[in-house]
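Written below as structure tokens is the structure these notes are about.
For the numbers below, each heavy atom of this structure counts, side chains included, while hydrogens, waters and symmetry mates do not.
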Amino acid sequence: MDGRDRTFKQKVDGFTTFLWNSDEKKFLGRNARSWAEIGFFYLIFYACLAGFFSSMLVVFYQTIDEHYPKLMGTDSLLKGNPGMGYKPKPNIDSTLIRYLHKEAESYKVFTTELDEYLATYSQQSTNNSNVVECNTTDLRPDETKPCRVDIEALTQNCSSSNGYGFPDGEPCVLLKLNKIFNWIPEKYTDLPEDMPEDVKADYFTKSQIWISCEGENPGDSENLGTPVFYPTQGLGLQYFPFQNQKGYLAPVIFVKFVGIKKHLGLMVECKAWAKNIKHNRSLKEGSVHFEILVD
């Protein structure tokens with residue numbers, strides 16, 4: 001046996017002796033008493049650690065109300081100024097809705113997402129007894145219960161049966177306002193100068209948060225066609241305020257881009273109009289931006 005083999009054997013023997021030393025009755029360098037002492041120490045240590053963590057968790061939950069958020073209004077993350085969202089948006093890294101209107105597979109991802117999202121609203125209409133029927137007035141008949149979203153009116157022209165307009169090259173996009181606890185929209189008394197003319201003309205005819213959709217640039221607006229809203233061009237005030245009511249679903253509307261120019265990438269900006277909604281394009285406050293390309 002040469003020197004290298006002897007060194008290797010010594011290392012193996014040393015390691016096996018470290019694992020179990022039969023002469024000294026030690027396992028991994030410790031005897032039974034040593035293992036019992038260190039085991040007892042860590043048992044007490046982790047028990048105290050778990051107790052401290054549990055007590056801090058109890059104290060933390062004492063500061064939380066299950067019905068009211070800790071920060072509201074200008075103290076909240078949204079600063080009391082709601083943003084907007086839209087569907088379909090299957091890719092969170094992109095705001096582009098692009099598809100081939102003659103190829104069903106190209107827009108299936110969009111229609112599937114809309115089907116899944118609206119399924120919750122269908123369930124609210126059929127299964128939830130906590131919601132109430134509301135008319136178009138400003139007040140709910142029961143402040144503790146949310147208003148039911150009329151799924152039939154919502155999907156009268158944008159539905160799964162007609163592919164949400166995608167096969168016809170006139171896609172429907174679902175718009176919603178982000179929920180802010182206890183936020184109540186305020187009505188304009190004097191209309192702002194930058195409000196679109198079509199909204200200005202009808203603003204005082206309906207009690208709602210009006211929604212407008214336009215091209216971000218003149219070229220976009222010229223080729224965007226006519227945005228048509230369903231069931232109405234706004235969100236009813238009876239859905240506000242959101243107070244974490246059981247069964248609450250945010251009001252939504254569809255905008256259908258009728259006559260949109262094909263083979264052009266168009267930038268769209270939709271805005272919500274209320275006196276206490278401030279618009280800031282860079283911060284995406286009070287509005288939402290997306291692109292549409294129909295091939």
Query raised in the report: How far apart are the C-alpha atoms of Thr95 and Tyr86, what are their side-chain angles, what is the distance that settles it, and do they pass the side chain to side chain contact (heavy atoms under 4.5 Å, CB included) test?
Result: CA-CA 10 Å; Thr95 57; Tyr86 73 95; 3.5 Å; yes
Query raised in the report: So does Glu285 pair up with Lys278, basic N to acidic O under 4.0 Å?
Result: no
Query raised in the report: Taking all non-hydrogen atoms of both residues, which atom of Gly169 and which atom of Tyr99 are closest, and how far apart?
Result: CA-OH, 3.5 Å
Query raised in the report: What about Tyr117 and Leu235, same hydrophobic cluster or not, with Ile/Leu/Val/Met/Phe/Trp/Tyr joined at side-chain heavy-atom distances under 4.5 Å?
Result: yes
Report task. May I have all residue pairs that pass ring pair (Phe, Tyr, Trp, His ring centres under 6.0 Å) and include part of residues 212-233, sequence neighbours excluded? Result -> none
Query raised in the report: With a cut-off of under 6.0 Å to the ring centre and 45° to the axis, is Lys275 in cation-pi contact with Tyr188?
Result: no
**Report entry** Contact check, side chains of Phe254 and Leu118, non-hydrogen atoms, under 4.5 Å
**Finding:** yes
**Report entry** Main-chain N/O of Glu186 paired to Asn276 side chain as donor or acceptor, under 3.5 Å
**Finding:** yes
Report task. Answer yes or no: are there more than 12 heavy-atom neighbours, outside Lys108 itself, under 6.0 Å from its atom NZ? Result -> no
Query raised in the report: Side chains of Leu249 and Val131: closer than 4.5 Å at any heavy-atom pair?
Result: no
Requested in this report: Using the rule that two of Ile, Leu, Val, Met, Phe, Trp, Tyr join whenever any of their side-chain heavy atoms come within less than 4.5 Å, decide whether Leu100 and Phe257 are in one cluster.
Outcome: no
Query raised in the report: What are the two closest heavy atoms between Cys213 and Pro227, and how far apart are they?
Result: O-CG, 3.6 Å
Query raised in the report: If every non-hydrogen atom of Pro185 is compared with every non-hydrogen atom of Ala274, which pair is closest and at what distance?
Result: CB-CB, 4.3 Å
Requested in this report: Enter the distance from Ser287:OG to Glu269:CD here, rounded to the nearest 0.5 Å.
Outcome: 4.5 Å
Query raised in the report: Leu154, Val258: one ILVMFWY side-chain cluster at the under-4.5 Å cut-off?
Result: yes
Report task. Quick one: pull up NE2 in His101 and NZ in Lys262 and give me the separation to the nearest 0.5 Å. Result -> 5.0 Å
Query - Interatomic spacing from CZ in Arg148 to CG in Asp150 - rounded to 0.5 Å - result: 9.5 Å
Requested in this report: Output the distance between atom CG (Asn178) and atom CG (Asn81), rounded to the nearest 0.5 Å.
Outcome: 10.5 Å
Report task. Could you walk me through whether Ile253 and Ile211 pass side chain to side chain contact (heavy atoms under 4.5 Å, CB included), step by step? Result -> CA-CA 9 Å; Ile253 64 170; Ile211 305 295; 3.8 Å; yes
**Report entry** Euclidean distance, Ile277 CD1 relative to Leu177 CG, rounded to 0.5 Å
**Finding:** 5.0 Å
Query raised in the report: Does any N or O in the side chain of Asn223 come within less than 3.5 Å of the main-chain N or O of Ile260, such that one atom is a donor and the other an acceptor?
Result: no
Query - Heavy-atom closest contact (His279 atom, Lys271 atom, distance) - result: NE2-CB, 3.9 Å
Query raised in the report: Is there a path from Ile292 to Met267 through hydrophobic residues (I, L, V, M, F, W, Y) whose side chains come within less than 4.5 Å of each other?
Result: no
Requested in this report: Decide side chain to side chain contact (heavy atoms under 4.5 Å, CB included) for Thr111 and Phe166; before the verdict, give the C-alpha distance in whole Å, the side-chain angles of both, and the deciding distance to 0.1 Å.
Outcome: CA-CA 8 Å; Thr111 57; Phe166 283 85; 4.0 Å; yes
Report task. Applying side chain to side chain donor-acceptor pair (under 3.5 Å), name anything that partners Lys206, two or more places apart in sequence or on another chain. Result -> Thr232
Query raised in the report: Asp202: what forms a side chain to side chain donor-acceptor pair (under 3.5 Å) with it, not counting sequence neighbours?
Result: none
Query raised in the report: Partners of Lys145 by side-chain contact (heavy atoms from CB on, under 4.5 Å), sequence neighbours excluded?
Result: Asn130, Val132, Asp142
Query raised in the report: NZ of Lys261: more than 12 outside heavy atoms within 6.0 angstrom?
Result: no
Report task. Check whether any side-chain heavy atom of Val109 sits under 4.5 Å from a side-chain heavy atom of Pro88, and report yes or no. Result -> no
**Report entry** Distance, nearest 0.5 Å, that separates OH of Tyr107 from OG1 of Thr112
**Finding:** 11.0 Å
Query raised in the report: Are Tyr203 and Leu191 side-chain neighbours, meaning at least one heavy-atom pair lies under 4.5 Å?
Result: yes
Which side-chain N or O atoms in residues 36-55 pair as donor and acceptor under 3.5 Å with protein atoms at least two apart or in another chain?
unit_1: Glu37; atom_1: OE2; unit_2: Arg33; atom_2: NE; d: 3.1
unit_1: Ser54; atom_1: OG; unit_2: Ala50; atom_2: O; d: 2.8
unit_1: Ser55; atom_1: OG; unit_2: Gly51; atom_2: O; d: 3.3
unit_1: Ser55; atom_1: OG; unit_2: Phe52; atom_2: O; d: 2.7

Query - Min side-chain heavy-atom separation Tyr248-Gln243 under 4.5 Å - result: no
**Report entry** side chain to side chain contact (heavy atoms under 4.5 Å, CB included) evaluation trace for Leu175 with Val252
**Finding:** CA-CA 6 Å; Leu175 301 175; Val252 291; over 6 Å; no
Report task. List in chain and number order the residues that pass side-chain contact (heavy atoms from CB on, under 4.5 Å) with Ala119, two or more places apart in sequence or in another chain; answer none if no residue qualifies. Result -> none
Report summary line: Residue set satisfying side-chain contact (heavy atoms from CB on, under 4.5 Å) with Asp190, at least two apart, ordered chain then number -> none
**Report entry** Apart from Leu96 itself, residues in the same hydrophobic cluster as defined by side-chain heavy atoms under 4.5 Å
**Finding:** Leu293
**Report entry** Qualifying side chain to side chain donor-acceptor pair (under 3.5 Å) pairs with a residue from residues 209-218, counting only residues at least two apart or across chains
**Finding:** Ser212-Trp273, Glu216-His289, Asn217-Asp220
Report task. Provide the full list of side chain to side chain donor-acceptor pair (under 3.5 Å) pairs with a residue in residues 154-177, sequence neighbours left out, each pair given once. Result -> Asp115-Ser160, Asp115-Tyr164, Ser159-Ser161
Query raised in the report: With a 4.5 Å heavy-atom cut-off, do Tyr239 and Cys134 have their side chains touching?
Result: no
Query raised in the report: Linking I/L/V/M/F/W/Y whenever any side-chain heavy atoms sit under 4.5 Å apart, do Val228 and Val199 land together?
Result: no
Query raised in the report: Within a strict 4.5 Å, meaning less than it, do heavy atoms of the Pro167 and Lys102 side chains meet?
Result: no
Query - Aromatic contact, Phe240 with Trp183 (centres under 6.0 Å) - result: yes
**Report entry** For the student: nearest non-hydrogen atoms of Phe181 and Asn244, plus distance
**Finding:** CE1-N, 3.9 Å
Query raised in the report: Which salt bridge (charged side-chain N to carboxylate O under 4.0 Å, His left out) pairs, counting each pair once, include a residue from residues 84-98, with sequence neighbours left out?
Result: Lys87-Glu113, Arg98-Asp295
Report task. Apply side chain to side chain donor-acceptor pair (under 3.5 Å) to Ser221 and list each qualifying residue two or more places apart in sequence or on a separate chain. Result -> none
Query raised in the report: Considering only heavy atoms from C-beta outward, does the side chain of Phe242 approach that of Ile180 to under 4.5 Å?
Result: no
